[in-house]
Every structure is written in C-alpha cells, then in structure tokens.
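Structure first, then comments.
Residue numbers begin at 1 in each chain, while the letters A, B, ... track the order of the sequences.
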There are 2 protein chains.
Amino acid sequence: MLPNKVKGNDVSTTATTPQVLRLANLKAVLSVMRANGAVTGTDLIAATGLTRATAIAVCDDLAARGWVRELPGERLVGTTKGRPARRFEFNPAAGCVLGMDVGMATATVLVADLKGRTLARVSERFEKPPASAASRRATIKQVVARALAEAGLPPSVVLAAAIGVSTVVDRHGKVAAGHELSEHFDIGLQTEVFADYGWPVLLENDANLAALAERWSGVGTGVDDLAVMLAGERLGTGLIESGRLLHGCNGGAGEVGTLELVDGVGSQDGIARLARYWGNEALAADKPTLIRELVGPGTNRVSARFVFEAAARGDEVAQGILDRIGLRMARVIAVLGTFFNPELVVIGGAVAASASALLPTITRELPRLTATPPRVAVSEFGDAIVAAGAVRLALDYVEEHAMELAPADAPA
Amino acid sequence: MLPNKVKGNDVSTTATTPQVLRLANLKAVLSVMRANGAVTGTDLIAATGLTRATAIAVCDDLAARGWVRELPGERLVGTTKGRPARRFEFNPAAGCVLGMDVGMATATVLVADLKGRTLARVSERFEKPPASAASRRATIKQVVARALAEAGLPPSVVLAAAIGVSTVVDRHGKVAAGHELSEHFDIGLQTEVFADYGWPVLLENDANLAALAERWSGVGTGVDDLAVMLAGERLGTGLIESGRLLHGCNGGAGEVGTLELVDGVGSQDGIARLARYWGNEALAADKPTLIRELVGPGTNRVSARFVFEAAARGDEVAQGILDRIGLRMARVIAVLGTFFNPELVVIGGAVAASASALLPTITRELPRLTATPPRVAVSEFGDAIVAAGAVRLALDYVEEHAMELAPADAPA
DNA sequence: AACATAAATTTAGACGCTAAATAAAAGGAG
DNA sequence: CTCCTTTTATTTAGCGTCTAAATTTATGTT
C-alpha cells in the first residue's frame, strides 16, 4: 500500500497510512461532541450513521488536530462487560472566544472557552460622552487586554471575537450607515481595533445577540421563534424565526423606531427610562410617595431602582407607574406577537430582574390586545446578556469554520 | 469488469456499465438546467465543478429518467470550431404542477409545466356562503378536473399541487386551529380532497404565496427581503427575509390582525373594502360626486372600481377617499418597514392595478413615518398572484424532491 | 487531404467509505 | 486460574463515485 500525500504521522512503524476524511464528517462529529459530553465510538455510530471504523478515524484525526482529546479509560456508568470503549470529548481548551458588549457608556468583555464557560469578565466605562473615536478604541483594547490577562491566556489562543453594538448592523456584519448612533460604533472595530491580532471579528446588533444568548442557555433555550427585547433605556428587539436571526435588508429588522405609530406607546423609551421619567414627574407633582424617601433629601434624581423598590413595598404611586409601564410594554409585545408570532418574548437587559414585577400586568393585558399572545418571560442573564450572546455568535463562527482555524495547542 | 447492480441498460453491446451517480450531483445539474436554457458539458463543468466525464454521465442519467432531454445537434451560436457539444435541457414536459387559490368565494387553478409556464387556468365560484364543506370540496375537485382537461393532461402527470388559503398556515403546512376563517379551509384539502390522486399537496397562506410569486417573476424578482401585501378585502402580508418565507411559531407572522393598535389604521380592512365603505358614506352624506353617476340610478351599492374611476376622472370626493386610503396604507407599510426592514413592499391582489393611484401618496408619506422607508411597488400579477405563488411553491417542491418523483414520460 | 480544435469517450486509478474478519480488553463462570 | 462471553477496537479487502489523463470523434480550416 502506497503512502498517501498526507502531512505528519510518517513514523513508518506499524502505523498504517491515516485516512483522509471528508470535511463534513469531521464537522458532524465535532458537532456531536460539542452537544454532548464524553462520547464513545458507539455513540457516534448512532449519531452520525458512520461506521465504527470511520467514526474512530475521525476522532483520531480531530485529536491530532487538537480539537478533541481522548479521556483516560474510565468506564461509562452502566456498561459493565466487554472491551471498554475509547472515550473522546471536545477539547474546550482548544482555544477561546471573546464576547463583547460595546455600549454608549460601557465596554464589557467575556472570555469563554469553547464550551462557552466564562473564564473572565471585565467591564470598563468609556470617558464621559462624547468620547472621541480614538478614546473609545483605546478603552476597548484595554478591556480586552485586561480580560485576557485575567483569564491567563495569550491573544494567540483567541479563535474569534464578536462585538455587540447598540446600532443597526446588517447581516454581513457592517454597521448600517446613516443611523442615529452609528458614528459611535462605526469606529473601525473590525478593521482597526483588532487588526493586529488577526482574529475574525464579528459585529452584530446588541438585541440580536441578546436573542442568541437567550436561545442558547436562557429562558428561551431551544425555542425556535423567539423575540428578545432589550428594554432598559432604549427598546431594541432581536428576532429569531425558525432558529435564525432576522436582519432585514439593512439590519433594521426589530428596530422599533417608529413606535410613535403604535397607540399608547409613543416612543422607544425603555423601562428604566420611563420609570425615571414618571418617577420624577410624580415628585414634581408633590405626590405622597415612598420614592421621595428612597431618593433621599439631598437630590431630586430618581433612579429606576427606587421606583421598583417603592412599588415592592406597597407604594401606590410607584405601583401606578409600574402599571403604566406594564401597559405600554404589553402593547409593544402585542404588536410583536401579531407581526412575528413568536412563541416567547423575553424581556432582557440590566432592568430584567425588576421587570418581573411587570409580568402580571403584561400577561393580563396581552390577550385583549392580540389574538396570538406569546408567552412572556424575563431574562435571567442580567447585564451580561449581550456579551453572552456575543460569545455564542463567536462560538457559532468557530464551529462553522473549525477546520480553517488552528487550535491553541495543536500538536506540531 | 463486472456489471453493477443497476437497473436497465443491460443490452450488453458496447455499452459499458453506467455509473451510479451521487444524488447531490443529479440535483445540482438539474438545478443548473432549470435556471438556464440549453446547456453543454462545458457549461456544467463551470457551474458545478465536476469533470466533463461526470457531468455528461449525469446528463445521460437524467435523460434516462426523463427529467432532461438531449437537443438535436444544432451548434450554439458563437462557437465554430471543434467537435460540437452535446446539448441538454430541462424537460418541461416531464410533468406538471397545480397552483390553486382557494378563497372564500372563488377557487382558481393554474396548471403549469415544470418551467412554470401556464398551460391552463380555470376559476369557479363556490356556492353562496355559507357553502358546506362537502360543497366546497366538490367545487374544488371540479375546477381541478376542468383545468387538467383544458391543459390536455391526465392527473397522473401532476407531480405536486399547492394550495393558497386565506387563513393562518404554519410552516409545516397545517391550517392553524382556532382562527377566524380556519373552518372554511380546514376541510381536509390534503387528506380528503386529493387523496385519490396521490399527489403531494402543499398548503400555504395566500399572502405568503403572493410573496413567492413576486420574488419569482414579479416586481420583486430577486429581492431577498420582501413584503407583499394582499390588500383587496382583508390585509394580509407575506414576508420573505433573506430569501426565506417567515411563518412564526403558528404561521401567524405577517398577520396584521391587531392593527387596531396602530394609530390611524384601526382595522385590517383592505383597499377595496375601504373604497366601498367610504364611497357609500359619501353617497349617504349626499356629497356631490361622480361616484353616484357611475353607480347608476337603480342601486346604492358602490363598488371599489367606481371610486377609482371617479378619482381618475378628477372627482374630488373620490380623490379624497383615495388620499385617506393612501395615508392608511402608508402607515401600515411604515410599520412593516420598521419591524421587518424589507427592501421592497409590493401591493398585490385583484386591486393592485388600481392601487398604483395610491403610490404617490404612499411614497410621499412614508419618509415622515419611518426612518427606513422601503421601496413600494404595485404587483402586475392581477388576481392570479396567489395561484402563481402556489405554482412556484409546487415547483420548489418538485425541484427539492425530484429524485423521489417519477416524471411523466419516463422511459420504461 | 492534412491539420487544428473542441468536445466526447474510455481507461486506470484515487479517494473515502463500508462490511466483514480479526484482535483486544474487560467481566463472569467454573 | 482458565475459558467463555461480551463489547469494543483494529485490520483488511473491496466497493462506489469521482477525477485525471489518454484516446477518440466530429467538426472547421488551410
């Protein structure tokens, strides 16, 4: 048998020439391993339809490339007889990904291994607006450097990075020109900021990433038709239909910018902003409310937190405000439910935890507003939802392009 | 060389054993042929990346199955030297498809060949509502029989049938239960009506089919992010994002049922209905208008046609009605444009031709209502838009499942 | 008639897999 | 402890599908 034109493994001992395996099979096996934990040859036969010979050959190939590692021979529970199966698992240390949330005020970076487990998390505020593009770039670079240092990893092991920005991004990852906020984010994130590292850098709208995060491991896990609303300051919606993110021709899908047209909504103000606004209004009108005490004597600045807390303690003015907010959200969700017919609408963002106080109002009102009321839930991600979605996007990229990328600890 | 386990072609003359070809390659070549006209081996090499040997083998195989036919040896223009290339083309007579529009009042059937060319078209009205399910079934069967007779084709050559219905249909082709109109259409179209023929019968929402039609060969040809509004009696919207139809979890995506929430719209009434309604209102108010003359002395029933005609002739009352309708449509389109960000919105249905009178108003108002105004156009399909879309859906099915179907004139 | 050209056809063999035979690594029975 | 059973890994032969290269064929040109 003549040796094939294949790299490495030329140690002509007993070793027969390794097969050249079809890319699709490598990907399929890798995908099975990422979905499950440790995997045996028999598992792969069931999952992929390949022969045992091929399945194991694929595992050996992936292990040689560094994507997969073989576990020492502990038996799987349950099996007792027969030759012990070799066990392989996806190597989460084959690299890492970066998930970033670059907002108006703050940049957040998550470093995650290839199983999506967080290795480090760092946030930093930008200089007070208006920060120059150069200043924003510098801050972003710095946060990334700190996060990698905290994870104890060199930049070379980063296989992909994804960035969530609160402006319109089309399906090719380009910041759509001409939008209100685009100049704050179209600062060469892909071309300049990370050019030195040579990482693939993906850009996406923050609400879209929030949707990816929820479908990945949040309350929307496994839901194929899903809407996620970032509802803190500005309403923004990420839409997943049949498991795929919607963008529209310029990336504007889900931008609820013209909500002025919707009765009883009138703007794209989010929950926190409305709570502040109406809280201040109540104070200005000298209504008797706990909010005043929570704000304290020195200042007049109501923060959303105080309104929610006052309402929780039974304050009627605050509860009235939450009712108003709930009604408004119900209307927005009703429109979403009618137009997109999602199975589930998730309210996310920093305000999500508080937003659970709005759920009774929302679920009560929804059936009156639409014939197809979706389930409504509140995200449990907190303010890392966008960065978590960015991690998911980067992981998707790595999975898709695995065979073109070089794992961190690839042998030779 | 041992003969393979392959059907037919056992005439052991010079004929070498035919190759068994990969399904994906058969499909790829078939797809190229459907897209282009006559095709040579060299064309296929360029289009598919296969070798000439394989490409021609695929053609011979497809020809033997009946999907493709070889053209007699006229040279293609331009080439002058060398051995003449064999030329193959997709065989449009390998079968036919049915595209149906089953509405409340009328059933329309198109018979089309596999290139999508119409071979016959028949419409028939149902018994006056409420027609029983049995009566509706009988009418539908009858229209189909007449259409096939008109095309001169037996039922056996039908490879697939698609039906557009004006109710909610999910992405698996099931009529969603519990909807206003569902009982008129959930009459066993797939299970009973055509059970005898053994055709694959696909069900889809009428507006969705309209969208397929426009993207196939209408004003939306090739547009990847497209909304089509059926705007005659009831507003219904078909949405295509990134080239794919949107359904939502129950098929309700694009149902504008809760438009009550949208300022200045208030219902899902379509253009024709509004024209009638406001036309009657004007007559009742005794306004001086040409509409009265067009309606005639005997009756008081305004039809939409009269309003459009009066407006075209300069009647101010009628023009005022069209303005109101235009404003309303602009608002609906603005909401669509904001939520979906389509490149183009097409107004379709029987009323489409008249609707071009509304375009100036709509395009004038849109930029005020949304930051992302889509292009707006009027369909040129007339009232066959749904049936045409059904043809397209059936063709897609045939293309997808070609290798599982038996062409009409398959040899032996 | 001889040549040039572009395509078809034939042939050998490469590639990536499967199927079947064989070997290995364990537990259990005697 | 040895033998048997079970379960898996490994090896081997070879099959199906394609490519690459050589050969042939059909045409136009000189």
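In this entry the distance linking NZ of A/K27 with C1' of C/dG16 reads 18 Å, nearest Å. C/dA8 atom P lies 10 Å from atom CG of B/D43, rounded to whole Å. As a whole-Å value, the separation of B/L44 CG from D/dT19 C1' is 16 Å. Between the CG atom of B/L26 and the P atom of D/dG16 there is a distance of 17 Å, rounded to whole Å. The nearest whole Å value for the distance from the CD atom in B/E70 to the C1' atom in C/dA8 is 11 Å. Protein atom CG of A/N25 is 17 Å distant from nucleotide atom P of C/dC15, rounded to whole Å.
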Contact list (N/O, under 3.5 angstrom) for nucleotides 2-6 of chain D vs protein:
from, atom 1, to, atom 2, distance (Å)
D/dT6, O2, A/G82, N, 3.3

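In this structure, B/D170 has no salt bridge (charged side-chain N to carboxylate O under 4.0 Å, His left out) partners at least two apart in sequence or on a different chain. In this view, A/A394 and A/V97, A/A160, A/A162 satisfy the side chain to side chain contact (heavy atoms under 4.5 Å, CB included) rule, not counting sequence neighbours. Under the rule for a side chain to side chain contact (heavy atoms under 4.5 Å, CB included), the partners of A/L26 that lie at least two apart in sequence or sit in another chain are A/L21, A/V58, A/D61, A/L62, A/R65, A/M403. Taking B/E241 as the reference, A/R171, A/R244 meet the salt bridge (charged side-chain N to carboxylate O under 4.0 Å, His left out) condition, with sequence neighbours excluded. By the side chain to side chain contact (heavy atoms under 4.5 Å, CB included) test, A/S31 pairs with A/E399, sequence neighbours left out. For B/W216, there are no ring-ring contact (aromatic ring centres under 6.0 Å, His included) partners at least two apart in sequence or on another chain.
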Cut-off 3.5 Å, no hydrogens considered: what does the side-chain donor-acceptor table look like for residues 111-120 of chain A, sequence neighbours left out?
from, atom 1, to, atom 2, distance (Å)
A/D113, OD1, A/K115, N, 2.8
A/D113, OD1, A/G116, N, 3.0
A/D113, OD1, A/R117, N, 3.0
A/D113, OD2, A/R117, NE, 2.9
A/D113, OD2, A/R117, NH2, 2.9

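Residues from residues 45-57 of chain B placing a heavy atom under 4.0 Å of any atom in DNA chain D, listed by number, are B/G49, B/L50, B/T51, B/T54.
Among D/dC18, C/dC17, C/dA7, the nucleotide with an atom closest to any side-chain atom of A/R22 is C/dC17. Checked against C/dA7, D/dC18, C/dA25, the side chain of B/L21 finds its nearest nucleotide in D/dC18.
One finds a salt bridge joining B/R86 and B/D60 here, because a Lys/Arg side-chain nitrogen approaches an Asp/Glu carboxylate oxygen to under 4.0 Å.
The phosphate of C/dA25 (OP1 or OP2) has no side-chain N or O of A/R86 nearer than 4.0 angstrom.
B/H401 and B/Y397 have parallel rings, their planes meeting at less than 30° on a 0 to 90° scale where 60° marks the start of perpendicular.
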